[in-house]
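Comments concern the structure below.
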Amino acid sequence: MRTSSSTHGPPSSPAGATLLDEARALLDRAERVRVRVAAAFRRRHPGVEIRIRETDLTDPTCGLRAGLVDLALTRAPFDETGLNVFALRADPVGALLRADDLLARHDRLALADLADRRWFRFPDGTDALWQAYWNGGEPREGPVVRAVQECVQAVLWNGTVGLAPLGHDLPGQLTVVPLADMAPSRVVVAANEADTNPLIRSFVRIATAAYRD
């Protein structure tokens, strides 16, 4: 097993705590923004019924290409062919680890520190850009998962590792250690290029304006 070197700093350093605090503040702000977006859209289009469809981790576009949804509020990267994609925010990412893992003692890690570990992976056929990002840009070995809860259980029961945005609430047995060399995870709203529904354009305008404020 490879452990991180002293160049990553001592365990529980103020720098690591600050990054986690910033991530939690970012997520708190994002929740407030979501509430504002929903309220603004209902106010502007009071007669429109909104239906929410939650999907698993195997389709980053949430059924957009299959025509199951009109809009996808999701994370990038993924194949954007035929889609209009608008960035809303970016969340820092870390390594999802069991709390008793030796690597969990460090305030930050690099992807190289996880090179010889088993990672959770998505099924064959999953969008290649999406798969590559959540595997840190390298082919990995490990259990195949389809849902967030399966990722959590793979880490808890088998010591598997993977990536997750910082700041989310986790079971006490898990932790997320910031990764120094991992690009942030972008939250985006996406729609099909061919869809000219004015309600879609209205939602995109409301969402992008709210996330800029």
Side-chain angles (χ1 to χ4, degrees), residues 1-4 8 19-20 23 27 53-66 68-69 72-83 85 87 89-106 108-190:
M1 178 183 299
R2 182 179 301 172
T3 58
S4 58
H8 298 306
L19 184 56
L20 285 169
L27 291 170
R53 180 179 187 269
E54 294 189 0
T55 60
D56 61 23
L57 298 172
T58 64
D59 180 11
T61 66
C62 308
L64 188 60
R65 296 188 188 281
L68 301 177
V69 297
L73 183 60
T74 185
R75 291 186 180 274
F78 49 81
D79 179 9
E80 298 183 7
T81 303
L83 303 178
V85 180
R89 74 168 193 269
D91 296 336
V93 171
L96 179 63
L97 303 165
R98 210 161 53 193
D100 61 359
D101 194 302
L102 290 177
L103 294 181
R105 300 177 183 179
H106 298 272
R108 67 178 57 206
L109 298 166
L111 285 169
D113 297 314
L114 307 170
D116 59 355
R117 303 292 296 271
R118 287 174 58 78
W119 289 55
F120 49 73
R121 302 177 296 119
F122 302 139
D124 292 341
T126 299
D127 183 284
L129 293 174
W130 173 258
Q131 176 84 277
Y133 177 85
W134 293 108
N135 281 170
E138 300 287 343
R140 305 292 183 181
E141 295 294 330
V144 173
V145 298
R146 292 172 174 80
V148 171
Q149 190 58 30
E150 291 179 9
C151 300
V152 169
Q153 296 304 321
V155 178
L156 282 175
W157 287 94
N158 303 313
T160 308
V161 303
L163 304 184
L166 271 63
H168 287 287
D169 291 332
L170 294 168
Q173 307 97 314
L174 296 181
T175 189
V176 179
V177 180
L179 281 164
D181 55 350
M182 188 67 196
S185 169
R186 292 185 297 124
V187 176
V188 301
V189 60

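Keep in mind that what you see is a predicted model, and the values were worked out from it rather than measured.
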Non-hydrogen side-chain atoms of V85 and F78 separated by less than 4.5 Å
yes
About how many Å separate CH2 of W134 and CE of M182, when rounded to the nearest 0.5 Å?
7.0 Å
Check: E80 and V188 side chains under 4.5 Å, non-hydrogen atoms:
no
Min side-chain heavy-atom separation L179-L111 under 4.5 Å
yes
Do side-chain atoms of D127 reach the backbone of L129 as a donor and acceptor pair under 3.5 angstrom?
yes
Can you tell if the side chain of D79 reaches within under 4.5 Å of the side chain of R65, non-hydrogen atoms only?
yes
Side-chain heavy-atom pair C151, L57 within 4.5 angstrom cut-off
yes
Enter the distance from N158:CG to R118:CZ here, rounded to the nearest 0.5 Å.
7.5 Å
L103 versus L114: any side-chain heavy-atom pair under 4.5 Å?
yes
Backbone N/O of G142 and side chain of R121: donor-acceptor pair under 3.5 Å:
yes
Within this structure, what is the SG-CG distance for the pair C62 and L73, rounded to the nearest 0.5 Å?
8.0 Å
Is there a donor-acceptor pair closer than 3.5 Å between any side-chain N or O of T74 and the backbone N or O of P60?
yes
I'd like to check Q173 versus V155 (side-chain heavy atoms, cut-off strictly below 4.5 Å). Are they in contact?
no
Tell me, please, which residues at least two apart from R98 pass salt bridge (charged side-chain N to carboxylate O under 4.0 Å, His left out).
D100
Working to the nearest 0.5 Å, report the span between CG of L97 and CZ of R105.
12.5 Å
Is there a donor-acceptor pair closer than 3.5 Å between any side-chain N or O of T160 and the backbone N or O of A154?
yes
Tell me, do D91 and R75 make a side-chain contact under 4.5 Å, heavy atoms counted?
yes
Side chain to side chain contact (heavy atoms under 4.5 Å, CB included) involving E138 - partner list, sequence neighbours excluded:
R140
Approximate separation, where rounding is to 0.5 Å, of L174 CG and L96 CG:
5.5 Å
